[in-house]
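When a ligand or atom number is given, it counts from 1 through the structure's own listing order. Keep in mind the model is a prediction, meaning the values are calculated, not measured. In what follows, residues are counted from 1 in the order of the sequence shown.
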Amino acid sequence: MTAYQTLEIAQDGPVRHVRLNRPEVRNAFNGTVVDELQHAFAAAADDAATRVVVLTGNGKSFSAGADLAWMQEQANLPEADNQVGAEHMARMFLAIARCSKPVVARIFGHALGGGTGLTAAVDIAVCTEDCLFGLTEVKLGIVPAVISPFVMQKIGAGRARTLFLTGERFDGKEAERIGLVQRAVPTQELDATVHKYVAELLAAGPCAVASAKQLIGAVAPLSLEDAIPVTSRWIAQLRSTPEAREGFAAFLGKRPPNWLA
Ligand code: COA
């Protein structure tokens, strides 16, 4: 497995753990982290043995967002170079959001700026109740630009108005209430709750999980009418796949499906 400077990767059977590993700066991300996260998620997508990716961080906080020292250096570059760098970062979030394997995030401490962006980019986010989130960019004189589509997909434009404009911090319970995370739990329940979601994902058909993820992306922008040809074709194609045949046969045969073997 590739060795990274800013990430720790561990494989536990079908589960790949990706840990941000810059605890001395609260897992703030610089250009190396951006490159490495993009690479790590592409590698997880390509690895047939990996069925679920768990994203977390080492140290006190999940992530303090973009590395502000790195941002300051970037500010001295010409605008065109800045745009290339920002696009590269946007593609890192996209690599997570579009990863063909489901991504679960284990979030604690702080998830500020791009840390909130990472939370929004994953499929299932679980955090501690006292974890602090925030689109704090305006407090630094910037805006949460590249993460905005990911965050707005989760919380909607209405809630984004308050949070983007004020930069206020909010806790895990509020993050759960507004749909940024799926569950906010007491710290001692964090690992068990992540494990529960991972177990649910592993019990489902691997191709079906990947297809469900694509389905959401394909259907979200469509009207109810325009969705009909897309969704009917989708299920017609899926019903005859080997995995679906196995799923039906296993249920009717009162036995576990072979992907659990
Ligand atoms: N970029 C670069 N360095 C950062 C950082 C960031 N986003 N966030 C934290 N650090 C560094 C601090 O400068 C400090 O470095 P030092 O030890 O050399 O002084 C170290 O990480 C620890 O941070 P500290 O503030 O002492 O830890 P804390 O646990 O008390 O607070 C945070 C943690 C995350 C609440 C606080 O560091 C913070 O508010 N960071 C900025 C978050 C932010 O606004 N992100 C949006 C970026 S667009």
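With values rounded to the nearest 0.5 angstrom, E129 atom CD is found 13.0 Å from E174 atom CD. Distance OG1/T6 to CG/N58: 11.0 Å, rounded to 0.5 Å.
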**Item:** Stepwise side-chain contact (heavy atoms from CB on, under 4.5 Å) check, E137 with I147
**Value:** CA-CA 11 Å; E137 284 83 348; I147 61 174; 3.8 Å; yes

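Within 6.0 Å of CZ on R91 lie no more than 12 heavy atoms contributed by other residues, nucleotides or ligands.
Using a 30° and 60° split on the angle between ring planes, F62 and F108 fall in the perpendicular class, above 60°.
Checking S61 against R26 by side-chain atom types alone, no donor-acceptor pair falls below 3.5 Å.
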Exercise answer, ligand 1 polar atom pairs (N/O) under 3.5 angstrom:
| from | atom 1 | to | atom 2 | distance (Å) |
| --- | --- | --- | --- | --- |
| ligand 1 | 1 (N) | L68 | N | 2.8 |
| ligand 1 | 7 (N) | A64 | O | 3.1 |
| ligand 1 | 7 (N) | A66 | O | 2.9 |
| ligand 1 | 21 (O) | E24 | O | 3.3 |
| ligand 1 | 27 (O) | R26 | NE | 3.3 |
| ligand 1 | 27 (O) | R26 | NH2 | 3.2 |
| ligand 1 | 29 (O) | R26 | NE | 3.0 |
| ligand 1 | 29 (O) | R26 | NH2 | 3.3 |
| ligand 1 | 39 (O) | R169 | NH2 | 3.1 |
| ligand 1 | 44 (O) | T136 | OG1 | 3.3 |
| ligand 1 | 45 (N) | A64 | O | 2.8 |

